[in-house]
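Convention: sequence-line order gives letters A, B, ...; per-chain numbering from 1.
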2 protein chains.
Amino acid sequence: MRSYAQYCGLARALDVIGERWSLLLVRELLDGPRRYNELLAGLPGVATNLLAERLRSLEAGGVIARRDDARYALTPWGQGLHEVVYALGRWAGPLMAQPRGGDAFQSSWLRHMVIARFEGHDPLRRDLSVELRCDGADPMTLVAAGGRVHIATRAASTPDVTLAGPPEPVVGLLLGRITRAQAEARGVRARGDVRRLTGLRPRGERQAATLSRA
Amino acid sequence: MRSYAQYCGLARALDVIGERWSLLLVRELLDGPRRYNELLAGLPGVATNLLAERLRSLEAGGVIARRDDARYALTPWGQGLHEVVYALGRWAGPLMAQPRGGDAFQSSWLRHMVIARFEGHDPLRRDLSVELRCDGADPMTLVAAGGRVHIATRAASTPDVTLAGPPEPVVGLLLGRITRAQAEARGVRARGDVRRLTGLRPRGERQAATLSRA
DNA sequence: CTGCATCCGGGCCGATACTG
DNA sequence: CAGTATCGGCCCGGATGCAG
């Protein structure tokens, strides 16, 4: 890519990872080393030549490295993009309840969304277990305990709350951006006391309108 | 821009701010509302039609708004990109000591770099005042007091340390990525006890090699 | 002077075909 | 499995024009 030619941290960062697909490729590698075809599967829509070109570019930039086992992995510096990727994911919160037909969807993306939203310790967080059954993804269980949230990639035995249905309203309800009625009108089957979901979020962030796009 | 068509927070965020120049435009607006020509001056290298097109795109996306006084300003949601921009700026730290001739440079970018690196409270931070005189930028003073860092856009009366010279080695020395000898070899005039700069950074981050690109 | 719109050449992107 | 080759089209960058 053409350089911005600005002595500014943001500009120099974008010179390295600002090209199309680059950050999504980093997202895939945040889950660990991946082979070329695994990356191709995790990036629906990317052309094969573009993936190869981005892999070369990010390797030259010191973000990723090709390992002996023919897998690509983030360098220690590249792993620092975790904060950038999650900051962008959190910022996109207000967009996640919006329906947009035709979007691809994968279990690992749902896990990233949940982690980005709930990572870190919060002493006010209430204990809770939530089973998520999004259409097109494996069942997943969010467990809040001791102020921290953990996510397991399997169904729960006795969840406090279960949300099943299309990804957008399920996530929208989980993030507190839509009401239970709105979610159910959009195909969500909710079981348990949905109001307890607000206990996952800090006091100041329990209103759905907070940081709304509108 | 063409959508990634992925139901993922990162992908939906990049659908809104992933185009070339968009985040740099946001960077300029983090300093407050700006007129079209002010933005043009703050984004050396951008074509006039592209700036107009990005302004339209970001306005349609709900990131910025055109105000009555013909200025552009971030919406409350758009201001949330502060964390994204600074996370990218911090990640670029290892790149900032590298010389790259021809890069444009502005005082406000230097201020952003310093804030991105030192913002927040750190009880172990030592009190210190540092005057920065980068070629091509107005003199600036970094003041650490009570665990916090504040930055003033003027010269200091009696700074503990003064760094003057080209931006890259001045910033490289401030961030602890190069030694005093390396900085002076690259044209930096340093006065005062440069070793005290390490007191600006938390204990664990006082080695220049930390998070190196190599 | 501000705030764009238009035009054009070149480069990047996207889709498909193909190869070691 | 892991890419390369090719090609059409869109986007970007630079120059210029122009209305308020």
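At a threshold of 4.0 Å, the pair R111(B)-D138(B) does not count as salt-bridged, since none of the basic side-chain nitrogens sits closer than that to a carboxylate oxygen. Taking 4.0 Å as the cut-off between side-chain N and carboxylate O, D103(B) and R100(B) count as a salt-bridged pair. Ion pairing between a basic and an acidic side chain is recognised when a charged N comes within 4.0 Å of a carboxylate O; R186(B) and E184(B) show no such pairing. With respect to R148(B) and D122(B), no salt bridge is recorded, no charged nitrogen being found less than 4.0 Å from a carboxylate O.
Comparing M1(A) and A70(B), the nucleotide of DNA chain C nearest to each residue sits closer to the 5' end for A70(B). For the pair A52(A) and Y4(A), both in contact range of DNA chain D, the more 5′-proximal nearest nucleotide belongs to A52(A).
Each of H112(A), E119(A), R117(A) was evaluated against Y86(A); a single residue qualifies, H112(A), per the side chain to side chain donor-acceptor pair (under 3.5 Å) test.
With sequence neighbours excluded, no residue forms a salt bridge (charged side-chain N to carboxylate O under 4.0 Å, His left out) with R154(A).
Between R20(B) and the phosphate of dG13(D), there is a side-chain N or O to OP1/OP2 separation shorter than 4.0 Å. An OP1 or OP2 oxygen of dC4(C) is reached within less than 4.0 angstrom by a side-chain nitrogen or oxygen of R66(B). Dashed line: the shortest gap from a side-chain N or O of R56(B) to OP1 or OP2 of dC4(C) is not under 4.0 Å. Not one side-chain nitrogen or oxygen of R54(B) sits closer than 4.0 Å to the OP1 or OP2 atom of dG13(D).
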- [ ] Report, as a single string ordered 5' to 3', how protein heavy atoms within less than 4.0 Å touch nucleotides 6-11 of chain C: B base, S sugar-phosphate only, - not at all.
- [x] BB----
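Atom pair L51(A):CG and dT16(C):C1' shows a separation of 16 Å (rounding to whole Å applied). The separation between L55(B) atom CG and dG3(C) atom P is 10 Å, rounded to whole Å. The nearest whole Å value for the distance from the CD atom in E53(B) to the P atom in dC12(D) is 7 Å. Rounded to a whole Å, the CG atom of L40(A) is 10 Å from the P atom of dC1(D). Atom CG of D69(A) and atom C1' of dA2(D) are 14 Å apart (whole Å). Separating the CH2 atom of W21(B) from the P atom of dG13(D) is a distance of 6 Å, rounded to the nearest angstrom. Rounded to whole Å, the distance from CZ on R67(A) to C1' on dA2(D) is 17 Å. The nearest whole Å value for the distance from the CG atom in L43(B) to the C1' atom in dC12(D) is 15 Å.
Candidate nucleotides dC4(C), dG3(D), dC12(D) were compared by shortest atom distance to the side chain of Y36(B), and dC4(C) ranks first. Considering only the side chain of N37(B), dT2(C) comes nearest among dT2(C), dG14(C), dC1(D). Candidate nucleotides dT2(C), dC12(D), dG13(D) were compared by shortest atom distance to the side chain of E19(B), and dC12(D) ranks first. Checked against dG14(C), dG14(D), dC1(D), the side chain of R35(A) finds its nearest nucleotide in dC1(D). Of the candidate nucleotides dC4(C), dG3(D), dG14(C), dG14(C) has the atom lying nearest to any side-chain atom of L50(A).
Heavy atoms from other residues, nucleotides or ligands lying under 6.0 Å from CD of Q182(A) number more than 12. More than 12 heavy atoms of other residues, nucleotides or ligands shown are found within 6.0 angstrom of CD on E38(B).
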